[in-house]
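Notes follow once the structure below has been shown.
Below, chain A is the first sequence line, B the second, and so on; all start at residue 1.
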Amino acid sequence: MRLSKYFVPTLKEVPNDAVVTSHILMLRTGMIRMVSAGIYSFLPLGYIVMKKISEIIREEMDAIGGQEFHLPALNPKEIWEETGRVEAFGDILFHIKNRDYVLAPTHEEIVTYHARNVVKSYKDMPQIWYQIQTKFRNEPRPRSGVIRGRQFLMKDSYTFDNSWEALDRSYNLHDKAYRKIFDRCRLKYFVVGASSGAMGGTGSEEFMVKSDAGEDTVAYCESCGYAANVEVAASRIEGVKRKAESKSIYEISTPDVKSIDELCAFLKIDETQCAKSRIYVHNGEPVLILMLGNDEVNESKLVSVLGGNVRPGHPDELKEITGADAGSIGPMGFRGKIIADHRLKDANNMFSGANKNDYHIGGIDFQHDVKNVEYQDLRIVKSEEGCPKCEMKLEVFSAIELGHIFKLGTKYSEAMAAKFIDEKGEEHPIIMGSYGIGVERIMACFIEQHHDDKGIVWEKPLAPFDVHLIALNMKNESVASTSEKIYNELMQNGISVLFDDREAAAGFKFNDADLLGMPIQIVIGEKKLKDNKVELKIRKVNQRLDVDLTEVLNNIKMLFAE
RNA sequence: CGGGGUGUAGCGCAGCCCGGUUAGCGCGCUUGGUUCGGGACCAAGAGGUCGAGAGUUCAAAUCUCUCCACCCCGACCA
């Protein structure tokens with residue numbers, strides 16, 4: 001492709017609205033342009049990458065027996081009402097104004113609709129159906145460029161099985177296929193396992209990429225591969241050791257002391273001698289949560305311990321509940337349920353609020369002084385804490401969810417009456433699985449992981465072009481004709497070439513080439529041409545080699561063979 | 001939905017606080033010429049409903065109000 005005729009509007013300056021690296025680079029390289037919040041046009045260069053990723057996914061899905069569908073984005077609302085998901089999705093679901101249609105945010109309903117009409121016997125299964133198509137979700141807050149959009153390309157597949165064992169097989173096939181896909185896309189990723197009950201499934205895995213632009217926070221152990229969403233992550237951390245001598249409780253005047261840090265400074269004690277109090281309201285009843293020192297309450301863990309409706313107490317109701325404002329609340333004299341974090345179990349000589357403003361109590365013994373206390377793991381795991389599965393340490397960071405595989409079970413087949421007859425002639429709901437991959441997210445994550453201060457650094461599997469050919473001065477006859485020759489020679493040998501045949505200054509072209517980031521650059525200039533040489537530059541390592549004119553093709557083949 | 005911020009030429013910005021002639025700058029663009037190995041130079045030029053609407057005023061990019069769009073933080077999230 002000749003750059004002089006190709007629509008690649010590169011940007012020298014960083015666009016105002018872009019913050020995350022991948023978004024900035026996708027805009028600067030002319031891969032995408034925003035049309036509205038969370039809605040992007042893919043320009044030719046970006047679309048090539050999208051097609052390459054799609055093709056990798058397609059190959060791996062076909063390899064496990066997947067059958068590609070083309071499903072409608074416009075869905076009758078009544079199909080979605082069968083599963084109750086019009087309500088479940090709420091405002092996320094786009095509704096069409098002049099007809100009772102919705103824009104599909106995913107395709108469980110449509111696929112189940114087809115299955116129930118045709119998949120009637122155990123002999124009809126297993127089935128793996130997939131599609132790579134645009135999904136629509138009215139995200140309240142699109143962000144990070146293409147990473148969270150209102151319209152995005154998703155590969156989703158659905159499996160139909162006649163037993164739970166068969167579902168396990170379909171699920172494992174996807175697990176393997178996904179690993180191959182992300183490996184082929186040259187992504188560094190990890191897998192977070194979770195037993196998510198909310199959707200009625202029995203198991204799921206998330207494929208994640210570490211990134212500051214991510215919206216999930218995960219705890220990860222590089223050593224053993226333990227990975228968990230921070231909402232459920234556990235860690236190996238010691239509790240407080242009970243002291244031999246146990247003091248009695250006593251009241252201390254602590255004017256203007258609110259935080260644990262202030263309390264420690266005021267009393268010259270360590271934070272591991274303090275019990276921090278938090279008031280939550282559970283189904284209308286106050287609950288006191290006690291944490292060691294500055295440990296934070298993990299509200300997800302709290303919700304799973306308590307069940308029902310849990311919310312933090314409002315500042316203005318604290319005094320009514322405890323007799324004190326935030327900063328002076330504690331277990332002594334608290335009338336209501338008390339739950340303490342495991343680290344506080346059997347602690348003595350502890351300090352906590354007195355439920356009287358500007359007073360704290362010392363010498364608290366959790367064995368004697370705190371009645372009816374229940375101990376639970378309520379902490380938010382932090383970096384550097386011990387991995388629960390091995391001897392190494394955890395790292396906590398944000399991550400982007402690239403893909404999700406999910407054992408759906410019979411939720412949709414039951415709701416939509418998609419049933420089959422087994423060997424004994426009995427009727428059962430089809431057992432389903434659902435598996436998604438965000439195509440744009442692969443693209444964005446790749447760029448997040450493969451760039452430098454000059455621009456993107458593509459690897460061959462996803463690169464829009466294999467080679468960026470730079471003719472330094474097109475007005476020079478021999479430079480122009482040699483460039484044309486090499487351009488044609490490479491193309492005839494199946495190497496895709498972006499040919500910078502524009503009349504522009506050398507520096508301009510070099511910078512564009514580094515920004516666009518094709519794996520190999522070929523630079524053709526007068527000086528080296530006099531010795532029948534051209535320069536090859538390997539973008540990734542910034543290495544340049546002078547190569548004989550006749551050896552260009554061979555060298556490039558060798559470089560790509562590595 | 002809550003909090004914060006931005007909106008002026010294709011892009012990045014100044015001007016606004018303290019209202020006052022033809023609204024500037026850099027990049028890009030057009031034409032001509034000179035250059036040609038790391039975002040060149042000279043000359044001439046084109047390009048603006050100052051986000052939209054209403055108001056205050058002799059006079060509004062500038063002050064007031066309403067709305068809209070976009071970004072960030074939070075809430076929410078398949």
Strictly by Watson-Crick or wobble contacts shorter than 3.5 Å, is anything paired with B:C70, and which nucleotide is it? B:G5
Spacing of the P atoms in B:G12 and B:U31 (rounded, Å): 25 Å
Return the value, rounded to whole Å, for the distance between atom OH of A:Tyr40 and atom P of B:C70. 10 Å
Given RNA chain B, 5'-ward residue of the pair A:Asp514 and A:Glu139, judged by closest heavy atom: A:Asp514
Would you indicate, yes or no, if B:C70 has its OP1 or OP2 atom less than 4.0 angstrom from a side-chain nitrogen or oxygen of A:Ser36? yes
Ring centres under 6.0 Å, that's the criterion: do A:Phe207 and A:Phe182 meet it? yes
In whole angstroms, the gap separating P of B:G10 from CG of A:Leu43 amounts to 18 Å
Face-to-face contact A:Phe508 to B:G39 six-ring, under 5.5 Å, under 30°: no
Rounded distance in Å between the P positions of B:C1 and B:G20: 37 Å
Considering only heavy side-chain atoms of A:Pro140, the closest of B:C72, B:G12, B:A75 is B:A75
Between B:G28 and B:C76, how far is it from one C1' atom to the other, in whole Å? 41 Å
Do A:Glu205 and A:Tyr178 get their side chains close enough for a donor-acceptor pair, meaning under 3.5 Å? no
Report yes if a side-chain nitrogen or oxygen of A:Arg141 is closer than 4.0 Å to either non-bridging phosphate oxygen (OP1 or OP2) of B:C73; otherwise report no. yes
Determine the contact category for A:Gln521: base if any of its heavy atoms lies under 4.0 Å from a base atom, sugar-phosphate if only primed atoms, P, OP1 or OP2 are that close, otherwise nothing. nothing
Let's test this: given Watson-Crick or G-U wobble pairing with both distances under 3.5 Å, identify the partner of B:G19. none
What contact category does A:Arg441 fall into here, base, sugar-phosphate, or nothing, at under 4.0 angstrom with non-hydrogen atoms? base
Has the side chain of A:Arg544 got a donor or acceptor that lies under 3.5 Å from a partner of the other kind on the base of B:G38? yes
Within the 6.0 Å centroid threshold, strictly below: A:His404 and A:Phe406: yes
Interatomic distance where NZ belongs to A:Lys530 and P belongs to B:C36 [whole Å]: 11 Å
For A:Thr10 and A:Asn473, take the nucleotide of RNA chain B holding the closest heavy atom to each; which residue's nucleotide lies nearer the 5' end? A:Asn473
Indicate, with a heavy-atom threshold strictly under 4.0 Å, whether A:Asn476 touches base, sugar-phosphate, or nothing. nothing
Base paired to B:A43 (Watson-Crick or G-U; both N/O distances under 3.5 angstrom): B:U31
If I pick the P atom on B:C77 and the same atom on B:C70, what distance separates them, to the nearest angstrom? 23 Å
Scan every strand shown for a Watson-Crick or G-U wobble partner of B:G38, both distances under 3.5 Å, and answer none if you come up empty. none
Which is true for A:Lys528 with a 4.0 Å heavy-atom rule: it touches a base, it touches only sugar-phosphate, or it touches nothing? base
Give the nucleotide from the list B:G38, B:G12, B:C72 with an atom nearest to the side chain of A:Glu13. B:G12
Return yes when atom CG of A:Asp91 has more than 12 non-hydrogen atoms of other residues, nucleotides or ligands closer than 6.0 Å, and no otherwise. no
Test: A:Asp546 and A:Lys533 ion pair at under 4.0 Å: no
When the distance from CG of A:Asp453 to C1' of B:G39 is rounded to whole Å, what number comes out? 14 Å
N/O donor-acceptor pair, side chain A:Glu526 with base B:G37, under 3.5 angstrom: no
Could you check which of B:G12, B:G38, B:C77 has an atom nearest any side-chain atom of A:Asn16? B:G12
Students often get this wrong, so: under 4.0 angstrom with heavy atoms, is A:Asp512 touching a base, only sugar-phosphate, or nothing? base
Starting from P on B:G37, measure out to CE on A:Met474 and report it in whole angstrom. 15 Å
From the candidates B:G39, B:C70, B:G12, the one with an atom nearest any side-chain atom of A:Ala37 is B:C70
Counting side-chain heavy atoms from CB outward, which of B:G39, B:G74, B:C36 is closest to A:Lys475? B:C36
Distance between the C1' atoms of B:C25 and B:A9, in whole angstroms? 12 Å
Donor-acceptor pair under 3.5 Å: do we get one between A:Arg143's side chain and the base of B:C72? no
If you look at every strand shown and take non-hydrogen atoms under 4.0 Å, does A:Lys509 touch a base, only sugar-phosphate, or nothing? nothing
For A:Asp212, does the CG atom have more than 12 heavy-atom neighbours from other residues, nucleotides or ligands under 6.0 Å away? no
Across every strand shown, the nucleotide meeting Watson-Crick or G-U wobble geometry with B:A60 (both distances under 3.5 Å) is none
Could you please name the option among B:C72, B:C27, B:G38 that lies closest to any side-chain atom of A:Phe510? B:G38
Using the C1' atom as the reference point in each nucleotide, state the distance between B:U22 and B:U56 in Å, no decimals. 26 Å
CZ/A:Phe69: more than 12 non-hydrogen atoms of other groups inside 6.0 Å: yes
Distance check needed: B:G10 C1' versus A:Met34 CE, whole Å only. 15 Å
Measure the distance from CG on A:Leu472 to P on B:G38 and round it to the nearest whole Å. 9 Å
Count the heavy atoms of every other residue, nucleotide or ligand shown that sit under 6.0 Å from CZ of A:Phe397, and state whether that count exceeds 12. yes
By the 4.0 Å heavy-atom rule, please label A:Pro105 as base, sugar-phosphate, or nothing. nothing
Parallel under 30°, tilted from 30 to 60°, perpendicular over 60°: which one fits the rings of A:Tyr6 and A:Phe465? perpendicular
Applying a 4.0 Å non-hydrogen cut-off, can you work out what A:Glu535 is touching in the nucleic acid: base, sugar-phosphate, or nothing? base
With heavy atoms under 4.0 Å as the rule, sort A:Ile92 into base, sugar-phosphate or nothing. nothing
For a quick check of understanding: with a heavy-atom distance under 4.0 Å over all strands, which category does A:Asp17 fall into, base, sugar-phosphate or nothing? sugar-phosphate
Would you mind reading off the distance between A:Ile470 atom CD1 and B:G38 atom P, rounded to a whole angstrom? 12 Å
